[in-house]
Protein chains: 2
Amino acid sequence: MKRKANTTPLSKEIIIEEALNLIAEKGVDTFSIRDVAKRLDTYPTAIYWYFKNKNTLLGEIANKVMSSVTPNCSNLDWHDWLTLLFQNYRDAVKHHPHIADLIGGRLLANAYQDPRLLDGVITALLEANCPPSHIVPMYNTVIASMCGFVTMEFGHLPKENAGEWEAKLREGAEKIESCEYPNLVRFLPQMMNTSFILRWQNGYDSPMDESFNRYVDVFIEGLKRQINELNKTP
Amino acid sequence: MKRKANTTPLSKEIIIEEALNLIAEKGVDTFSIRDVAKRLDTYPTAIYWYFKNKNTLLGEIANKVMSSVTPNCSNLDWHDWLTLLFQNYRDAVKHHPHIADLIGGRLLANAYQDPRLLDGVITALLEANCPPSHIVPMYNTVIASMCGFVTMEFGHLPKENAGEWEAKLREGAEKIESCEYPNLVRFLPQMMNTSFILRWQNGYDSPMDESFNRYVDVFIEGLKRQINELNKTP
DNA sequence: ACCTGAACACCGTTCAAGT
DNA sequence: ACCTGAACACCGTTCAAGT
């Protein structure tokens, strides 16, 4: 991974690649320009010749990760295309550890470089028979849904000793009175480490495949139904 | 807002309140323990008597914001309860500028203090006739959907001069060829600043009410349908 | 054009010391 | 118990200078 001194010149691509490595190793919180420079055997300030500041570097990293997301097969049904889009997005985040925090918040600002995503979503909605007057809110619904689950599944969990966090959650679970919250107590055992708010591992260590599939189904079904409704009452 | 020196003692509550003020003013990126100490006329290290580090402070801030989210009226239909939950969540984020980045990623780790949210969601799902064997994935679907749209709507946009960003987006929009992306070009005008990826203002400056309502409808409809399906094929 | 090198104004956090 | 104060090991970023 390490650039041989005085052989390869720097480039945006090399910097981004090394930045992704560092984020994967240590997380986005502790990621620093100085570290990426160190790894590339150069000076922190050299990075500034390629990126005007840390934020734009992070933005281009997000773009890089997003580059594989939009499906380019056009022989798909609209709902298969959307399902594949959602899965591609999840895979992209999954294959770049600790990247989730960045994407959910910054995609909206930086993925514009690729019109294929926007055009693909709109085309899918039109094929689904969405009335043109409702394309914009529906488009927003799709983008938000694409990011929502994945941002949480792979999002930041406290990285202090995982065992400590597990203990804290289990202890909290014990304290819940079954007379006060009978429904919660009934499902608590099977929710431990499999449900949001009750997990001590995130999606990288303990994937939520079944939940994600359910989520996608709910979304696609809701989209169909809602478009049906919209066509009934113009 | 400023604590009078040597009159009020410090407390968790006071620190959290001032931290929320600072985040609202300057954003979560530049929020620092040293700044909140300065505002409270005390030393940075005094904060560490109340919070073991910056991350736990941020966690408790997130908890504070979440404290108003779970509806406590129990005379609601399950879908009205869920709709209200979604709206409460959006309102909470909306009323605490720049807090969105924090919540989406950290709620999952810190909201556990309040079993009412978990119990409420499970109870709503049971009332909706969700089969017990599918409660966990459905619960995850609900939580992810609650956070998804709002995290993006109020999420971080580049804070460099907004005008500059607008210009950049408009320029990019001009370049899109209508022969290559006819559907996108058709809707582009109405999408500018109203759609994810094509906005230069976030939800605080330009709310996405219509899209959010559509999103909630899609989700609730999808939930109904999916539960129907699950009950057909056990 | 591309990188070096020093410098500035910040950080979070630890630790010892005060009251 | 609660706060002061100094110190440490970091940051991002600017600017002038080198090649």
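Each chain gets a letter, A, B and so on, in the order the sequences are listed, and its residues count up from 1.
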Summary of protein contacts for nucleotides 14-19 of chain C, nucleotide by nucleotide, where a base hit scores B, a sugar-phosphate-only hit scores S (4.0 Å, heavy atoms): B-----
Every protein N/O within reach of nucleotides 8-11 of chain D N/O, cut-off under 3.5 Å:
| unit_1 | atom_1 | unit_2 | atom_2 | d |
| --- | --- | --- | --- | --- |
| D:dC11 | OP1 | A:Ser32 | OG | 3.4 |

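- For the pair A:Glu153 and A:Lys94, the salt-bridge criterion is not met [side-chain N within less than 4.0 Å of a carboxylate O].
- Across A:Ile122 and A:Tyr139, no two heavy atoms sit closer than the pair CG1-CD1, 4.4 Å.
- The aromatic rings of A:Phe219 and A:Phe86 lie parallel to each other, with less than 30° between the two planes, well short of the 60° mark.
- Closest approach of B:Gly155 and B:Asn202 over heavy atoms only: O-ND2, 3.2 Å.
- Between B:Phe196 and B:Phe149, the gap from one ring centroid to the other is short of 6.0 Å.
- Between B:Glu17 and B:Lys12, none of the side-chain N atoms (NZ, or NE/NH1/NH2) sits under 4.0 Å from a carboxylate O, so this pair counts as no salt bridge.
- A:Trp49 places its CH2 atom 5 Å from the C1' atom of C:dA1, with the value rounded to the nearest Å.
- A stem is defined here as three or more consecutive Watson-Crick or G-U pairs, each with both distances under 3.5 Å; for DNA chain D these stems are C:4-8 with D:12-16, C:12-16 with D:4-8.
- Distances shown here put every side-chain N or O of A:Tyr50 at or beyond 4.0 Å from the OP1 or OP2 atom of C:dC2.
- When heavy atoms are screened at a 4.0 angstrom cut-off, B:Phe51 is found touching no nucleic acid atom at all.
- Proximity of a side-chain donor or acceptor of A:Asn193 to a complementary backbone N or O of A:Trp200 within less than 3.5 Å is detected.
- Salt bridge annotation for A:Arg90-A:Asp209: present, with a cationic side-chain nitrogen under 4.0 angstrom from a carboxylate oxygen.
- Between the CG atom of A:Leu40 and the P atom of C:dC2 there is a distance of 16 Å, rounded to whole Å.
- Checking side-chain atoms of A:Thr194 against main-chain N and O of A:Met191 turns up a donor-acceptor pair under 3.5 Å.
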Worked verdict on A:Arg170 versus A:Glu166 for salt bridge (Lys or Arg N to Asp or Glu O under 4.0 Å): CA-CA 6 Å; A:Arg170 287 196 187 282; A:Glu166 177 181 351; 3.2 Å; yes
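- Look at CD1 on A:Ile47: it is 14 Å from P on C:dC2, rounded to the nearest Å.
- At distances below 3.5 Å, not a single donor-acceptor pair connects side-chain atoms of B:Thr42 with backbone N or O atoms of B:Lys38.
- Judged by closest nucleotide on DNA chain D, B:Ala46 is the one of B:Ala46 and A:Pro44 placed further toward the 5' end.
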